[in-house]
Trainee: 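Structure provided below as C-alpha cells; questions to follow.
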Amino acid sequence: GAVVSQHPSRVICKSGTSVKIECRSLDFQATTMFWYRQFPKQSLMLMATSNEGSKATYEQGVEKDKFLINHASLTLSTLTVTSAHPEDSSFYICSARGWDSQETQYFGPGTRLLVL
Amino acid sequence: QQQVKQSPQSLIVQKGGISIINCAYENTAFDYFPWYQQFPGKGPALLIAIRPDVSEKKEGRFTISFNKSAKQFSLHIMDSQPGDSATYFCAAGRTLGRLYFGRGTQLTVWP
C-alpha cells in the first residue's frame, strides 16, 4: 500500500515552454501533498504544501506564479513549471500524506526536468 | 537556521559491518523522526520512523536510537550489505506539519 506515482518520469523541453507534472496517490486518499526539488547530491528542498481543495502554501523564495500547484482531488496534485528556463532543470519529487496518517509522507519516484 | 543536522556526509563500511548515521534537531516540539533511503534517480523511500515516547525502534537490520534530552537520533544498519549502498536522509517534524530534512549521508558498502 501507500503508492505514489509521478508522470512523466523525465521531460526535456525548450526554454520558455510550460511543463506539467502529475502526482497521484494510487491506493489512498491524500489530504496533503508536498512538492520538493532536489539538486544533484543535495537534500530535498520543500517548495510547497497543498491541501485538497485549498490554495498551496509556498515556502519562502519559491515563486508561486512560476510554480503553479493544483490539488483538485484527494488523489491528484499537479505542478506546472511556467515559462521554464535552464535554471529550472532539476529533480522534482512529490509526496503524499493520507487522512489516516498524521505524519507519514510517501514519496513518488520523481520527475527529471531538463530545460534546454 | 538548519533545523536538522546530519553526519557524516559520506560513510564507507565493509560488508557485514555496522553503519551508523547521526542526526540532531533543534525544535523540541518535533514529535516525528523518520529515516528515508534514496537510490540514484529514485524518490526517497520510508525506512523506519520513531516518536519521542520510545528510545529505540528496531525493524529487521535497521534500528533507530533516540535521545530526547540530547535532541539526537541515529540510524544503525546491522550486517550492512552492498544493496544498502544509497543516500540516507533523516528528518524531523510535527504531527500534521512539514518535515525538515538533514543533508543526507551517502553510504557505500564494500563487498
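Sequence lines set the chain letters: A, B, ... in the order given, protein chains first and strands last, and positions in each chain run from 1. As the structure is a prediction and not an experimental result, all values here were calculated from the model.
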Trainee: So, Arg97(A) side chain and Gly97(B) main chain: donor-acceptor pair closer than 3.5 Å or not?
Mentor: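 Yes, Arg97(A) side chain to Gly97(B) backbone: donor-acceptor pair under 3.5 Å.
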Trainee: Answer with side chain, backbone, both or neither: which region of Gln106(B) has an atom nearer than 4.5 Å to a non-hydrogen atom of chain A?
Mentor: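 Just the side chain, heavy atoms under 4.5 Å.
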Trainee: Should the heavy atoms of other residues, nucleotides or ligands under 6.0 Å from NZ of Lys5(B) be counted, would the total exceed 12?
Mentor: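 Counting neighbours around NZ of Lys5(B), 12 or fewer heavy atoms of other residues, nucleotides or ligands fall under 6.0 Å, so no.
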Trainee: How far apart are the closest heavy atoms of Tyr36(B) and Gln105(A), and which atoms are they?
Mentor: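 It is OH-O, 2.6 Å.
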Trainee: Less than 4.5 Å apart, any side-chain heavy atom of Pro34(B) and any of Thr104(A)?
Mentor: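 Side chain of Pro34(B) against side chain of Thr104(A), heavy atoms only: no contact under 4.5 Å found.
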Trainee: Within the 4.5 Å heavy-atom criterion, are Thr57(A) and Arg98(B) side-chain neighbours or not?
Mentor: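 No, side chains not in contact.
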Trainee: Applying the 4.5 Å side-chain criterion to the ILVMFWY set and letting contacts propagate, would Met47(A) and Tyr106(A) be lumped into a single cluster?
Mentor: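 Unlinked, Met47(A) and Tyr106(A) end up in two clusters.
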Trainee: So, for Pro44(B) and Leu44(A), which heavy atoms are closest and what is the spacing to 0.1 Å?
Mentor: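 In this case the closest contact between Pro44(B) and Leu44(A) is CG-CD2, 3.8 Å.
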Trainee: Shared ILVMFWY cluster between Leu46(B) and Ile93(A), side chains joined below 4.5 angstrom?
Mentor: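 Result: yes, single cluster for both.
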Trainee: Is chain A contacted by the side chain of Gln9(B), its backbone, both, or neither, given a heavy-atom distance below 4.5 Å?
Mentor: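 Neither part; nothing is under 4.5 Å.
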Trainee: Membership question, hydrophobic clusters at under 4.5 Å side-chain separation (ILVMFWY): are Trp35(B) and Val54(B) in the same one?
Mentor: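 Same cluster.
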Trainee: Can Leu75(B) be reached from Val4(B) by stepping across I, L, V, M, F, W or Y side chains whose heavy atoms are under 4.5 Å apart?
Mentor: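 Both belong to a single hydrophobic cluster.
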Trainee: Just by modelled atom types, is the Gly104(B) backbone N or O under 3.5 Å from a matching donor or acceptor in the Ser43(A) side chain?
Mentor: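 Such a contact is absent between Ser43(A) side chain and Gly104(B) backbone.
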Trainee: If you count every heavy atom of other residues, nucleotides or ligands that lies below 6.0 Å from Glu59(B) atom CD, does the total exceed 12?
Mentor: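 More than 12 heavy atoms, drawn from other residues, nucleotides or ligands, come within 6.0 Å of this atom.
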Trainee: Looking only at heavy atoms, what is the nearest atom pair of Lys42(B) and Phe91(A), with distance?
Mentor: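 In this case the closest contact between Lys42(B) and Phe91(A) is O-CE2, 3.6 Å.
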Trainee: How long is the straight-line distance from CD of Gln38(A) back to CZ of Phe101(B), given to the nearest 0.5 Å?
Mentor: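 That separation rounds to 9.5 Å.
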Trainee: Membership question, hydrophobic clusters at under 4.5 Å side-chain separation (ILVMFWY): are Phe33(B) and Phe62(B) in the same one?
Mentor: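 Phe62(B) and Phe33(B): one cluster.
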Trainee: So does Arg10(A) have more than 12 non-hydrogen atoms from other groups sitting under 6.0 Å from CZ?
Mentor: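 Counting other residues, nucleotides and ligands, CZ of Arg10(A) stays at 12 neighbours or fewer.
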Trainee: Between Ala45(B), Gly41(B), Gly93(B), which shows the greatest number of heavy-atom pairs under 4.5 Å with chain A?
Mentor: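 That would be Gly41(B).
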